[in-house]
Amino acid sequence: MKITVRIWRQKGPEAKGTMVPYELDDVSEHMSFLEMLDVLNERLTLEGEEPVAFDSDCREGICGMCGVVINGIAHGPEVTTTCQLHMRTFNDGDTIDIEPWRAGAFPVVKDLVVDRGAFDRIIAAGGYITAPTGSAPEANNLPVPKIDADHAFEAATCIGCGACVAACPNGSAMLFTAAKITHLGLLPQGQPERESRVLNMVEQMDAEGFGSCTNIGECTAACPKGIPLDVISQLNRDLMGALAKPGSA
Amino acid sequence: MASTQLTKKRVPASRSTVAMKYAMAVSGLIMVGYLILHMYGNLKVFGGQEAFDAYAHHLRTFGEPMLPYEGLLWIVRVALLASVLVHAWAAITLWRRNKAAAGYSGGKRYHSSKGATGVQRSYASFTLRWGGVIILVFIVYHLLHLTANVISPGGASDSPYQRTVNGFEIWWVVLSYTIAVLAVGLHLWHGIWSALTTLGQNRSKTRLASRLTPLAWFVSAVITIGFLLPPWAILLGITG
């Protein structure tokens, strides 16, 4: 396949970026999207040019490290992570635009690499349970209704890749934050900190400069893990409940 | 640089963007409720001058003697004004914030010309902000026209029925009202769904799978058609 890629090149956080075209003549349709970038980078390195910086780690779709905006869509045209996207999705002669996640809270570090530390800080603000670790407790000591277990698990599959923020026209992190609220809020272990969790995580989400949710659902359409939209209503219900408690705010 | 240090300045959750969305949702739903009552009153035009004018008069004497003359009307007006102010304040505050949060670089967020219309979002969801501005301008024009009667195309009158008929016999008045009502319809098409979801009522995995979506479509369709019927019926000579 002959492919033209237009890639966002930006030397550093403060540098001005621009879209730069590269032509690739010999792309196999079996290549993953990131392998195609690897091939480009090998060529750039041989030619003495700076290779394109991008994030990736497991390349199995489970770590959440990779992610770029492909033709204006986070993770590209398939509902999966960028590493699990293959060149067979594209056609011979296509021009593919590749850009970093764009959000005020995700500053560009270099080229396609952004700093997603804001997500870590939202989790650090309350996305955990305070419990002694050690050996796993006897599972049957804490019965969890099947429907809650399934729903909590669904929310827990979030890998924190940031596609929801990149896809949201408001740069909102509601889906990410709400997934963790739902995951822990539906389980018995999450109950003692349920109210402080939603208050702290929402406060941190705002402090990071993320936008507000307009419920259009583009986040769920981009999410490689299929986090459902109802988690956002769950966060809204939990926050209303927490704010209604005397002395909470 | 330890990226997990929580050093950023935080504001209480009661003043968060999420709380602001609650205010926007509640004020919006109050206005939807008013629109349904308003639409009901408008449809009285099909009952003729006597029924329409009697209804308008009764609104002013409603609740007497417990309430003074026009008492109920003023309670509704104050509640509506408060709703409009809260709704617009939240909208403008969040609009500005969201633009910064989306991380535009040089006037554009993504430079690719593809994917600009999103993956699954509705056309209506693009109209909320500028549509809201159109609706606000229209409300001023509408109040000057049919409430205060300062603008009186077709002739002023003391009879609310006569004012309505005089105005809607003119094509451009009907056109201007039609544009505004369609803007309201699109606003509610997404707005009702969004308000109910913000208030925690969505239990479905996607927007289109939710029962709230057809509910929003139904209410906005009823309001749109209900408001378009009187002006078009008058223009086409079916009533009036």
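Every heavy atom of this structure was used, including side-chain atoms; hydrogens, water molecules and symmetry mates were not. Here the structure is a predicted model, which is why all the values come from computation and not from measurement. Proteins come first, then strands; the chains are lettered A, B, ... in the order of their sequence lines, and each starts at number 1.
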Are the side chains of [Y] and [X] in contact, using a 4.5 Å heavy-atom criterion?
X        : Y        : answer
A:Arg197 : A:Ile129 : yes
A:Ile7   : A:Asp111 : no
B:Thr17  : B:Thr93  : no
A:Asp55  : A:Val114 : no
B:Phe168 : B:Tyr177 : yes

By a 4.5 Å heavy-atom criterion (distance strictly below it), what part of [X] contacts chain B: side chain, backbone, both, or neither?
X        : result
A:Met240 : both
A:Met174 : side chain
A:Asn200 : both
A:Ala173 : neither
A:Gln234 : neither
A:Glu99  : side chain

inquiry  = Please check this pair: side chain of A:Arg6 against backbone of B:His111, looking for a donor-acceptor N/O pair closer than 3.5 Å.
reply    = no
ask   = Excluding sequence neighbours, so at least two apart, what forms side chain to side chain donor-acceptor pair (under 3.5 Å) with B:His87?
value = B:Ser27
key: B:Tyr40, OH atom: more than 12 neighbouring heavy atoms under 6.0 Å   = no
Leading residue by heavy atom contact count with chain B [cutoff under 4.5 Å; candidates [options]]:
options                                : value
A:Val198, A:Leu239, A:Asn170, A:Leu235 : A:Asn170
A:Ile98, A:Ile216, A:Val202            : A:Ile216
A:Thr220, A:Val231, A:Thr214           : A:Thr214
A:Pro107, A:Pro100, A:Ser172, A:Pro169 : A:Pro169
A:Ala167, A:Cys168, A:Ala105           : A:Cys168
A:Cys213, A:Gly17, A:Gly226, A:Ala222  : A:Cys213

task = Rounded to the nearest 0.5 Å, what's the gap from CZ on A:Phe106 to CD on A:Glu208? Could you check?
result = 9.5 Å
ask   = Which class fits the ring pair B:His145 and B:Tyr141: parallel under 30°, tilted 30 to 60°, perpendicular over 60°?
value = parallel
Any residue of residues 64-82 of chain A which, by heavy atoms, sits under 4.5 Å from chain B = A:Val69, A:Asn71, A:Gly72, A:Ile73
key: Set of residues satisfying ring pair (Phe, Tyr, Trp, His ring centres under 6.0 Å) with respect to A:Phe90, sequence neighbours excluded   = A:Phe33
key: Partner residues of B:Trp95 under the ring pair (Phe, Tyr, Trp, His ring centres under 6.0 Å) criterion, sequence neighbours left out   = B:Trp130
